[in-house]
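Notes to accompany the following structure.
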Protein chains: 2
Amino acid sequence: MLSTFQINYRSDEPIYQQIYNEVLMEISLGLLLPQEKLATVRELAMTLGINPNTVSKAYQLLEQNGYIYSAVGKGSFVADCSEQLAGLKERTLRHLDKDLRTARDLGVPAEDVRSLVDAAYNEGGKSNA
Amino acid sequence: MLSTFQINYRSDEPIYQQIYNEVLMEISLGLLLPQEKLATVRELAMTLGINPNTVSKAYQLLEQNGYIYSAVGKGSFVADCSEQLAGLKERTLRHLDKDLRTARDLGVPAEDVRSLVDAAYNEGGKSNA
DNA sequence: TAAATTGTACTAATTGATATAATACAATCA
DNA sequence: TGATTGTATTATATCAATTAGTACAATTTA
């Protein structure tokens, strides 16, 4: 199960995207393991106080990208998605590269950026170092 | 003047936002200096082949944020915006910080990230190191 | 077998952002 | 005076996001 989080209605990020990212992050962090059952569409919709269609949209995107699989009457489950996660890391690196060059073009000093990197990787994140 | 660039219609980034970012980057890089005249709303609209309202929206946003100033009958000009640029750098750092922690949570190795930083700052960008 | 659960599909409707189009106005410049 | 310029307005069109309601088929549960 899991997926106990809050929706940010002030964010410009669509609700279905927030759900997508949250579930994906929980899988990536190992908080959700392969074959583990996710909250049902209606459950999560009730918990978050939103429309089941919105949850369904997030789940369908996750399934399209190979992170979960679903079956009518059964529910949705975490897939074996190590390869997909590897691809995600690559795309994340490309995204980071773009942002780094933007920061550089704006005149952000390299030392400031390196300090950020050190901080992010020393403070340690949500475990699983 | 300046602002000779191409609009990316395939991008999910709105046109007015692309104009905003382009002008802001040219100011940040010193390609446009304080008190320098920008292309007029109609000029830039003609050059880019878009509606003047779209250019106007970008310019109005730039003015609201203190990067340029406009006057009817005169035109639009680069403002003294060193403080605004300093604030922009801070926000860029915060944005970068968020992305770095996301990458970390996804399991991207620190060394991979540090390589990106080195590459971005060694290859050198659009001059003004 | 019957009833409840579940993912999915579909239509309709609303809202907001984006963009174009066509004017119009007031201030400025030549 | 006449052209230029930023700005404002109104109307229109498109698209994404979301809600709402309903329904269906497969599965599980009792």
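By convention in this document, chain letters (A, B, ...) are assigned in the order of the sequence lines, proteins followed by strands, and residues within each chain are numbered from 1.
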Shortest non-hydrogen contact from A/Y59 toward A/S76:
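Distance-wise, the nearest heavy atoms are CD2-OG, 3.5 Å.
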d([atom1], [X]; [atom2], [N]) in whole Å:
X: B/L62; N: D/dT7; atom1: CG; atom2: P; result: 11 Å
X: B/Q60; N: D/dT9; atom1: CD; atom2: P; result: 10 Å
X: A/K74; N: C/dG7; atom1: NZ; atom2: P; result: 12 Å
X: B/Y20; N: C/dT18; atom1: OH; atom2: P; result: 14 Å
X: A/L38; N: C/dT8; atom1: CG; atom2: P; result: 11 Å
X: B/L48; N: C/dA19; atom1: CG; atom2: P; result: 12 Å
X: B/N8; N: C/dA19; atom1: CG; atom2: C1'; result: 16 Å
X: B/L61; N: D/dT7; atom1: CG; atom2: C1'; result: 14 Å

For a side-chain contact (heavy atoms from CB on, under 4.5 Å) with B/I19, tell me which candidate from B/L62, B/L24, B/I50 qualifies.
B/I50
Measuring only between side-chain heavy atoms, which start at C-beta, is B/N21 closer than 4.5 Å to B/Q17?
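Touching, per the 4.5 Å side-chain cut-off.
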Please list, pair by pair, any protein nitrogen or oxygen found under 3.5 Å from a nitrogen or oxygen in nucleotides 17-22 of chain D.
residue: D/dA17; atom: OP1; partner: A/Y16; partner atom: OH; Å: 3.2
residue: D/dA17; atom: OP2; partner: A/Y16; partner atom: OH; Å: 3.4
residue: D/dT18; atom: OP1; partner: A/I15; partner atom: N; Å: 2.4
residue: D/dT19; atom: OP2; partner: A/T54; partner atom: OG1; Å: 2.5
residue: D/dA20; atom: N7; partner: A/N53; partner atom: ND2; Å: 3.3
residue: D/dA20; atom: N6; partner: A/N53; partner atom: ND2; Å: 3.0
residue: D/dG21; atom: O6; partner: A/N53; partner atom: ND2; Å: 3.2

Taking only the side-chain nitrogens and oxygens of A/S76, find out if one of them lies under 4.0 Å from OP1 or OP2 of C/dG7.
yes
Let me confirm one number: the CD-CD1 distance from B/Q35 to B/I68, rounded to the nearest 0.5 Å.
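CD1 of B/I68 is found 12.5 Å from CD of B/Q35.
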salt_bridge(B/D97, B/R101) N-O dist < 4.0 Å
yes
B/K37 atom NZ: more than 12 heavy-atom contacts under 6.0 Å:
yes
